[in-house]
Each structure stands twice: as C-alpha cells, then as structure tokens.
Amino acid sequence: MVGAVPNVRADIRADRTMSDGRGRALRIATISALVPVSLTLVQCGKAPNPAALAANSQANVQIVNQTVAKTNPQLANADTFEDRFPAPQFRERFPSASESFLQRQMADFSPKHAVQPEQAPYKVASLEPQAPYKRPPRQDLTTLVTMKSSAFPYFGNNPASEAPFLNIAKGDRRGHRSYSGRVFWQDETYNDSRVLVHVPEHFDVRKPGVIVVFFHGNGATLERDVRDRQLVPQQVTDSGANAILLAPQMAVDAADSSAGKFWQPGGFKRFMEESASHLARVTGDPNSARAFANMPIVIVGYSGGFLPTAWSLEVGGISDRVRGVVLLDAVYGEMDKFASWIESHRSGFFVSSYTHYTARRDRELMSMLRQKGISVSEDMDGPLHPGSVVFVETGDGITHRDYVTRAWTKDPLKDVLVKMSATPALALTRVAATSPSSR
C-alpha cells in the first residue's frame with residue numbers, strides 16, 4: 001500500500017538474526033585461535049616432557065621425509081637423516097693425550113692474581129712518617145791495603161842516633177844493623193807498606209765510633225800473627241763496639257822494633273789522613289772520609305810496638321785525637337813520652353798490663369805519674385773513664401807470646417773496648433752485643 005509504514009520490525013529481526021549468526025561464527029573462530037596460544041603459554045611455565053620431545057622429534061623427521069619425498073623423490077631414496085647428519089663419536093668429543101689439543105689442568109682455571117705494576121723510578125712525596133734507612137746486611141771485612149804513609153819503606157834517620165836508618169850496604173842492597181848487631185835487609189824486612197784493615201759487620205760510620213790502631217811486636221806478620229794467632233780483628237768485632245781496626249806492618253817477621261815513618265814529626269797524622277780515604281772506599285761510602293778523618297783513636301802497642309806508640313804520641317801531630325792508649329807487656333822504654341801524654345791529656349785513658357819482663361819499668365812509670373799528682377789504679381775491675389790510669393800485673397802463668405789473647409783476662413783488647421763503650425764520655429757507642437765467636 002502506497003503511504004503504508006514499512007515492516008521495520010521484521011527487517012530488524014532479520015538483520016539481528018543475520019548479525020547473531022555472523023557474531024557466533026566470529027566468536028567460535030576467535031576461541032579456536034586462542035586455545036592453542038593459551039596452551040602454549042601454559043607450557044612455558046613447565047619443564048618439557050621428554051616423551052613428548054621424542055615423539056615430536058620422530059614426527060618432525062617423518063614430516064621432513066614425506067615433504068622431501070614429494071618434492072624430490074630422488075633425494076628421498078638417497079641417504080637418510082642419520083647418514084647425512086651423523087651423531088658425534090666419543091673420540092671427537094674427548095681427544096686423546098697424544099693429540100695436539102691443548103691439555104689443561106684445574107689450576108689453569110683458578111683465579112689469577114693481578115700483576116703488580118713495576119715500581120716507578122721516582123719517589124712520591126708523602127706526609128706519612130718514613131721508616132729509617134737500614135743498611136743492607138753485610139759480613140766482617142778484613143783486607144790488606146797499601147799506604148804510602150805506612151811505617152815502611154823508610155829512608156830517613158834513626159832519631160836515637162841521628163844516623164841513617166839504612167846503615168849498611170852490600171853492593172846495591174841496603175839494610176839496617178840493629179842494636180843486637182843483626183842485619184835486616186831493606187828489601188826483605190822494611191819494604192812492606194801494607195796495612196791490615198778490619199771493618200766489623202755492625203760498624204756504622206754515622207754513629208760515634210773509634211779507630212783502633214794496633215802496633216804489633218817483634219817477629220810478626222799481619223796475617224799469620226795479628227789476624228790468625230792474636231785474633232785482633234776478631235776481638236774488635238766481638239766487643240760489639242762501633243770500632244774499626246788499622247794495623248800497619250812493622251818490621252816483617254824480625255826481632256826489631258823500629259818505628260819507620262812514625263819517627264817523623266807528623267808521621268802519625270799523615271797515616272791517619274791517608275787511612276780516612278781508604279776507609280771511605282773500603283766501606284763503600286765516599287762521603288764518610290770526613291767522619292773517619294775526625295774519629296777518635298785508641299792506640300794499642302804490644303811488646304815491641306811500644307816504640308811506634310811512644311813516638312806517635314810525642315811527635316805524631318794528632319795526639320789530641322787519641323782517646324786511649326793500651327800497652328800489652330810493652331813498657332820497654334820511652335817512659336818520659338808516655339808520662340808526658342798522660343799528664344797533658346786528662347780526657348783520655350791509659351792502661352798498661354805487664355808481666356815480670358816489664359814489671360820494673362812499669363813500676364817506674366807509676367812512680368813518675370804519682371809524683372805528678374796523677375792517681376793510678378792497679379786493677380781493671382771497673383769501667384774506663386776519661387783520665388783513668390790503670391796498671392795491671394799478671395801472674396806467672398801468663399806468657400808473653402800469648403799476651404794479646406790472654407792477659408788480665410781472655411781477649412784483653414775486647415775487654416778494653418767493652419769498658420770504654422760503657423762510658424758515654426769517651427764517645428764510643430756499643431752497637432752489637434758481645435758473644436763468643438766461633439771463629
């Protein structure tokens with residue numbers, strides 16, 4: 001009918017029916033697509049099933065074989081998958097020791113320490129307190145050094161007679177006739193200018209110390225007697241004192257007490273000045289020469305060594321540097337020279353130990369000193385002090401030959417240095433403990 005209202009409801013129902021069908025189909029398709037995805041997500045949170053993996057692997061192989069058979073029949077009839085991709089053998093995974101493969105141990109896999117960088121060739125300034133310098137440890141040093149100012153050779157006069165010391169000749173050969181009438185030739189007896197130098201391992205030139213000058217007696221050599229028999233270097237070391245030793249060779253293995261260059265005015269001073277440079281070189285410190293040139297001195301004279309000792313005190317030129325004099329059975333004369341030094345050097349000490357061979361002269365010297373008002377002690381029980389004057393008589397069991405190692409006590413030189421070290425006023429430092437030596 002013209003002008004009639006169309007049947008809208010019927011159309012709406014028809015559209016709704018169609019749309020409901022399409023919506024239902026869309027929902028079914030969406031759910032079908034989401035189910036596999038959800039199953040996959042669920043499987044991600046679980047460990048794989050070995051049986052399923054094996055089945056899937058076999059299925060995949062079958063699918064691959066079917067696909068290859070359809071696409072390439074010739075290849076399908078050829079090698080199988082195992083033939084084309086064989087499993088690795090045991091020897092391929094674990095090479096034998098004979099093969100060139102690098103063999104490693106468990107230690108190769110341990111953590112490696114970091115390599116320390118090389119020390120820079122420069123010092124870095126720091127405000128932290130620095131440790132004091134320590135000299136590398138070293139051993140005792142005993143050596144022979146040639147010195148021009150040593151006692152011999154000597155071509156001057158004998159001050160006792162003002163005659164030439166070499167007072168006899170035989171052709172081109174010259175010699176000295178001693179008071180006993182025996183002739184000693186210059187090239188054999190008075191031609192050794194060497195000096196025994198001993199530096200203990202503990203000696204430190206930076207600390208207060210002393211130079212011990214040892215004048216040996218008759219019939220001696222530096223090595224055979226001073227070093228090995230009389231053990232003078234060892235006594236210096238064992239005392240623990242900061243001391244160094246100089247022992248010039250006098251007449252070589254001869255019954256002669258001649259003083260040589262020490263007879264000359266200033267002779268002892270020249271000897272000590274030259275020794276300073278040698279000691280600096282021997283100790284390895286060129287800058288120490290000045291310290292050695294000003295270091296106090298202790299003179300030790302044994303037996304015939306009394307003569308160079310007396311003349312060094314009288315005309316040597318540096319008697320003020322001498323802090324002590326030790327005579328070991330050695331007062332055979334020159335008492336006036338010893339008494340003069342004792343009287344004018346009250347800051348030093350004097351020790352004379354004697355046997356019956358020199359007892360008369362020692363007692364004479366004691367009398368001379370007492371007349372000058374100088375106090376004299378006759379034992380070595382106490383420490384040595386500036387101005388100490390000590391005379392010690394030893395018993396009959398003590399022999400002159402062994403006097404350097406056994407006088408009032410064993411190792412008398414060591415005992416003097418120990419007692420001297422106990423007195424700060426004598427400016428000698430103990431830097432090592434005394435101990436019996438095994439040498």
Side-chain angles (χ1 to χ4, degrees), residues 142 150-151 195-200 209-218 220-222 225-250 257 259 262 268 271-272 275 295-314 316 318-319 321-332 334 337-338 341-342 345 348-355 358 362 365 380 384 388-392 394 398 400-421 426 428:
T142 306
S150 190
V195 178
L196 187 148
V197 177
H198 176 71
V199 183
V210 67
I211 299 175
V212 177
V213 179
F214 182 80
F215 292 121
H216 65 76
N218 295 353
T221 66
L222 296 177
D225 299 285
V226 175
R227 184 192 65 186
D228 299 336
R229 182 172 64 86
Q230 298 168 339
L231 304 177
V232 177
Q234 179 178 324
Q235 291 190 54
V236 173
T237 293
D238 291 348
S239 71
N242 198 40
I244 204 165
L245 173 68
L246 298 174
Q249 177 68 60
M250 307 307 291
S257 302
F262 296 113
F268 188 60
F271 174 76
M272 296 307 300
S275 69
M295 197 168 287
I297 303 167
V298 171
I299 301 179
V300 181
Y302 163 64
S303 187
F306 81 98
L307 200 60
T309 300
W311 282 90
S312 295
L313 295 174
E314 182 74 8
I318 52 171
S319 58
R321 276 182 62 189
V322 179
R323 293 290 187 271
V325 176
V326 181
L327 299 179
L328 300 174
D329 209 20
V331 183
Y332 288 92
E334 309 293 350
K337 293 181 175 59
F338 294 125
W341 182 84
I342 294 170
H345 295 82
F349 67 87
F350 180 88
V351 175
S352 179
S353 179
Y354 59 95
T355 64
T358 58
D362 275 89
L365 180 56
M380 279 289 292
L384 292 173
S388 294
V389 178
V390 182
F391 288 82
V392 183
T394 52
I398 307 300
H400 178 78
R401 175 175 171 80
D402 298 330
Y403 213 75
V404 178
T405 55
R406 187 185 177 198
W408 68 88
T409 184
K410 184 179 182 295
D411 296 337
L413 177 56
K414 170 186 171 182
D415 188 57
V416 168
L417 292 174
V418 169
K419 287 180 167 62
M420 185 180 176
S421 301
L426 293 175
L428 179 59

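What's counted below: heavy atoms across the whole structure, side chains too, no hydrogens, waters or symmetry copies.
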Report summary line: Between Ser353 and the options Ile398, Thr394, Thr358, the side-chain contact (heavy atoms from CB on, under 4.5 Å) test singles out Thr394
Closest approach of [X] to [Y] (non-hydrogen atoms, all atoms of both residues):
{"X": "Val418", "Y": "Ser239", "result": "CG2-O, 3.6 Å"}
{"X": "Ala220", "Y": "Asp225", "result": "CA-OD2, 3.2 Å"}
{"X": "Leu417", "Y": "Ala241", "result": "CB-CB, 4.2 Å"}
{"X": "Val226", "Y": "Ala247", "result": "CG1-CB, 4.3 Å"}
{"X": "Met420", "Y": "Arg323", "result": "CE-CB, 4.2 Å"}
{"X": "Gln235", "Y": "Lys414", "result": "OE1-N, 3.2 Å"}

Enter the distance from [X]:[atom1] to [Y]:[atom2] here, rounded to the nearest 0.5 Å.
{"X": "Trp311", "Y": "Phe306", "atom1": "CH2", "atom2": "CZ", "result": "11.5 Å"}
{"X": "Phe215", "Y": "Leu246", "atom1": "CZ", "atom2": "CG", "result": "9.5 Å"}
{"X": "Lys419", "Y": "Ser388", "atom1": "NZ", "atom2": "OG", "result": "11.5 Å"}
{"X": "Ile244", "Y": "Ile297", "atom1": "CD1", "atom2": "CD1", "result": "12.5 Å"}
{"X": "Arg321", "Y": "Phe268", "atom1": "CZ", "atom2": "CZ", "result": "8.0 Å"}
{"X": "Thr309", "Y": "Phe338", "atom1": "OG1", "atom2": "CZ", "result": "6.0 Å"}

Query raised in the report: Given the side-chain rings of Phe350 and Phe391, with only the six-membered ring counted for Trp, is the space between their centroids under 6.0 Å?
Result: yes
Does any part of the side chain of [Y], heavy atoms only, come nearer than 4.5 Å to the side chain of [X], both counted from C-beta?
{"X": "Val325", "Y": "Trp341", "value": "yes"}
{"X": "Met272", "Y": "Ile211", "value": "yes"}
{"X": "Thr221", "Y": "Gln249", "value": "yes"}

Report task. Taking atom CZ of Arg229 as the centre, report whether more than 12 heavy atoms of other residues, nucleotides or ligands fall under 6.0 Å from it. Result -> yes
**Report entry** Backbone N/O of Met250 and side chain of His216: donor-acceptor pair under 3.5 Å
**Finding:** yes
Query raised in the report: Looking only at side chains, do Ser352 and Asp362 share a donor and an acceptor under 3.5 Å apart?
Result: yes
**Report entry** Worked check of side chain to side chain contact (heavy atoms under 4.5 Å, CB included) between Val331 and Tyr354
**Finding:** CA-CA 8 Å; Val331 183; Tyr354 59 95; over 6 Å; no
Query raised in the report: Between Leu245 and Leu196, is a side chain to side chain contact (heavy atoms under 4.5 Å, CB included) present by the stated rule, with each step listed?
Result: CA-CA 8 Å; Leu245 173 68; Leu196 187 148; 3.9 Å; yes
**Report entry** Partners meeting side chain to side chain contact (heavy atoms under 4.5 Å, CB included) with His400 (sequence neighbours left out)
**Finding:** Tyr302, Ser303, Asp329, Tyr332, Tyr357
Report task. Could you check Met380 against Thr409 for side chain to side chain contact (heavy atoms under 4.5 Å, CB included), going step by step and ending with a plain yes or no? Result -> CA-CA 9 Å; Met380 279 289 292; Thr409 184; over 6 Å; no
